[in-house]
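Taking it in order: structure first as structure tokens, then the write-up.
Side chains are part of it too, since the values below use all heavy atoms of this structure and drop only hydrogens, waters and symmetry mates.
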Amino acid sequence: MSAEPTSPAPVPNDFIRDIVAADVAAQRHAKIVTRFPPEPNGYLHIGHAKSICLNFGIAREQGGMCNLRFDDTNPAKEEIEYVDSITADVRWLIAGWADHCLGFKPKGAHPGKVTSNGQPDYYLAPVDPSGLSAEPFYASDYFDQLYEYALELIRRGQAYVCDLNAEDTEKYRGAPDKPGQDSPFRHRSVAENLDLFQRMKAGEFPDGARSLRSKIDMTSPNMWLRDPLLYRIRHIPHYHAGDKWCIYPLYDYAHCLSDYLEGVSHSLCSLEFVPHRALYDWVLENLGLPRPLPHQYEFAKLVPTYTLLSKRNILRLVQEKVVAGWDDPRLPTISGLRRRGIPASAIRKFVTSVGVTTFNSVTDIAVFEHAVREELNQSAARRLAVLRPVRLVLTNIPAGEIVACSATNNPQEENPTTRPLALTREVFIEADDFAEVPPPKYFRLKPGGEVRLKYACIIKCDELVKDAADTITEIRCTAQLDTRHGQPNADKKVKGTIHWVSATQCIDAVVRLYDRLFTVPEPGAAEDFLQVVNPKSLEVVTAKLESSLGIAQPGERYQFERLGYFALDPKDSAPGQPVFNRTITLRDTWAK
RNA sequence: UGCCUGGUGGUGUAAUGGCAGCACAGGCGACUUUGACUCGCCUAGUCAUGGUUCGAAUCCAUGCCGGGCAGCCA
């Protein structure tokens with residue numbers, strides 16, 4: 001290894017970063033501020049990770065901030081449980097990478113009244129997220145300001161209270177290829193609109209009886225400009241705002257203003273919001289706001305093969321008990337991936353490698369798997385474990401004798417350390433590593449054949465012991481102890497090297513072998529995705545592990561040599577009863 | 001038969017009028033006390049047709065194909 005310093009990770013380049021760079025060069029904003037705005041109505045998944053890495057990535061590259069903001073304007077769907085899981089997932093995903101860019105606000109703070117360019121204004125700046133007195137941003141903390149802005153829109157003649165019910169509103173809206181018609185309530189006076197809207201807020205009307213609408217253009221070819229609703233009446237309490245409100249703003253109205261209140265410069269979202277951009281700009285521009293306005297830019301969602309991403313579909317998998325919960329290691333949720341042992345760095349590497357474009361793409365899950373293996377190969381400590389044990393007796397080693405061996409912990413390290421390993425008369429080897437009738441080019445153990453026990457010595461297969469059912473119960477071999485490391489015949493070559501575990505110096509563990517949840521690349525395209533669930537997505541075995549694994553801790557990653565990467569399950573493991581999850585197999589060109 | 005948006009190897013992505021490159025996947029080989037890692041080589045692409053230009057993936061036109069848009073969801 002050369003002594004030159006490791007080159008810094010290449011800064012990704014994409015069309016959004018180009019725009020940000022141009023805005024920085026033109027000094028259009030005092031500071032670059034992005035935001036990650038989940039609705040707390042479900043768990044985060046790998047698709048969100050793309051947005052998180054883009055938003056936080058831009059913030060850290062530009063010395064800016066990325067606010068975590070809960071887009072919680074629909075009290076019917078949101079819960080505090082999701083706030084907690086999302087916050088934890090975001091923190092985990094950016095830990096050690098962009099912690100310093102995480103924008104939180106002072107606990108309980110609401111946008112303060114300030115003066116910008118000589119005009120009254122509202123602003124809420126991010127603070128250090130590490131203190132106890134900091135919390136994520138909530139759109140629901142802006143309900144007061146949003147209400148004030150709505151009154152202003154009414155005063156400006158740009159919004160009106162509409163008495164049409166949902167069904168009639170839809171009829172008046174027309175269709176994509178058919179212009180809509182003006183609501184009969186479109187021309188109410190400012191005074192009447194003000195009065196009605198205040199009474200909506202006061203709770204005088206039942207759910208759905210009236211709404212506040214923007215006054216734009218019912219004949220616009222863009223459906224989202226046909227007087228979209230700004231507020232609806234919902235007599236239900238809000239998990240964060242309490243029972244103060246019975247009118248709640250809609251996304252298009254609340255989002256752009258939330259961005260503005262926080263001083264967001266670049267508001268990044270997915271492609272389905274392209275038609276909404278005109279509305280985003282309309283609200284901001286028609287309010288005559290004094291500070292530089294945020295702008296919305298859209299990019300394509302991440303769609304990996306062999307996975308299902310929508311909250312609705314994941315929820316169904318949970319409810320139908322196809323998986324054990326939102327954090328089931330087979331799920332693409334952040335909490336599932338974490339539990340499976342995937343490092344956050346691998347997720348970041350993956351989403352960065354797929355790029356950011358406006359092309360509706362499908363990403364081969366193999367790209368993800370490659371990123372995971374690359375990270376784990378670098379960092380995971382190697383250990384020996386046998387998943388499907390077969391007893392092997394080394395007839396020339398006396399019972400009770402221990403042949404001391406030494407194993408490398410991680411060959412990828414510059415100065416690899418070692419650990420002691422005990423070779424004994426009886427060991428376990430992998431059932432797959434012995435074949436009584438070997439296929440062509442089989443490198444492993446066969447009758448009369450030789451193979452190396454990794455970190456120990458070469459052995460020769462002398463005889464097989466079978467039971468009445470003709471099943472092999474024991475393989476009897478001779479150990480060539482002079483082929484151990486440091487011994488005269490250490491350099492002797494054999495074609496195969498297999499892993500093993502001493503039968504007396506080992507521990508038992510439950511090992512869960514996970515595989516893809518679906519059998520087809522695009523389960524979402526199937527008539528019913530439950531029909532294409534992989535029946536072998538989980539296999540549970542009782543394995544034999546080298547005894548040093550007895551002190552494994554959650555969060556540590558191991559490579560079980562020749563098998564794959566494994567991590568202790570943080571939920572189901574108990575003292576003395578470890579449960580390991582297989583994060584991913586090693587690449588296996590022989591199996592193909 | 002409306003509007004918006006997109007189309008580069010199998011997949012993803014770069015080239016911003018000037019040598020079509022990279023990654024993943026696939027194939028072959030070298031190395032190997034992990035059939036891993038690493039290394040080398042190979043396969044394979046600009047949706048189509050015209051036009052502008054010394055020169056087009058890039059600009060223009062037409063066509064073809066895909067995605068999105070009619071929640072008081074986000």
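- In this structure, A:Phe350 has its ring center under 6.0 Å from that of A:Phe368.
- Contact annotation: A:Thr589 reaches the phosphate of B:rA36 (side-chain N/O to OP1 or OP2, under 4.0 Å).
- Looking at heavy-atom distances under 4.0 Å, A:His485 makes contact with a base.
- The distance between the ring centers of A:Phe197 and A:Tyr147 falls below 6.0 angstrom.
- A:Lys495 has no side-chain polar atom (N or O) that falls below the 4.0 Å cut-off from OP1 or OP2 of B:rG35.
- Surrounding NE2 of A:His235 are more than 12 heavy atoms belonging to other residues, nucleotides or ligands, all under 6.0 Å away.
- The side chain of A:Ala366 approaches B:rC24 more closely than any other nucleotide in the set B:rG12, B:rU34, B:rC24.
- Across all strands shown, A:Asp71 has heavy atoms under 4.0 Å from sugar-phosphate atoms exclusively, and none from any base.
- Side-chain N/O atoms of A:Arg452 and base N/O atoms of B:rU33 include a donor-acceptor pair closer than 3.5 Å.
- When heavy atoms are screened at a 4.0 angstrom cut-off, A:Pro179 is found touching no nucleic acid atom at all.
- One C1' atom belongs to B:rC59, the other to B:rU1, and the distance between them is 30 Å to the nearest Å.
- Ring centroid separation for the pair A:Phe143 and A:His238 comes in under the 6.0 Å cut-off.
- Using a 4.0 Å heavy-atom distance criterion, A:Tyr248 is classed as making no nucleic acid contact.
- Comparing atom distances between the A:Pro176 side chain and each of B:rU33, B:rG2, B:rA74 picks out B:rG2 as nearest.
- Looking at heavy-atom distances under 4.0 Å, A:Leu230 makes no contact with the nucleic acid at all.
- Side-chain N/O atoms of A:Arg587 and base N/O atoms of B:rG35 include no donor-acceptor pair closer than 3.5 Å.
- For A:Gln412, the CD atom sits in a packed shell: over 12 heavy atoms of surrounding residues, nucleotides or ligands are nearer than 6.0 Å.
- Side-chain N/O atoms of A:Arg173 include one lying less than 4.0 angstrom from OP1 or OP2 on B:rC72.
- If you check every strand for non-hydrogen atoms under 4.0 Å, A:Ser220 touches nothing.
- Judged by atom type and distance alone, A:Glu298 does not reach the base of B:rU5 through any side-chain donor-acceptor pair under 3.5 Å.
- Using a 4.0 Å heavy-atom criterion, one finds that A:Glu369 contacts no nucleic acid atom at all.
- Listed pair A:Arg226 / B:rA70 fails the phosphate criterion, with no side-chain N or O lying under 4.0 Å from OP1 or OP2.
- Mapped onto RNA chain B by nearest heavy atom, A:Glu78 and A:Ser361 fall at different nucleotides, with A:Ser361 at the one closer to the 5' end.
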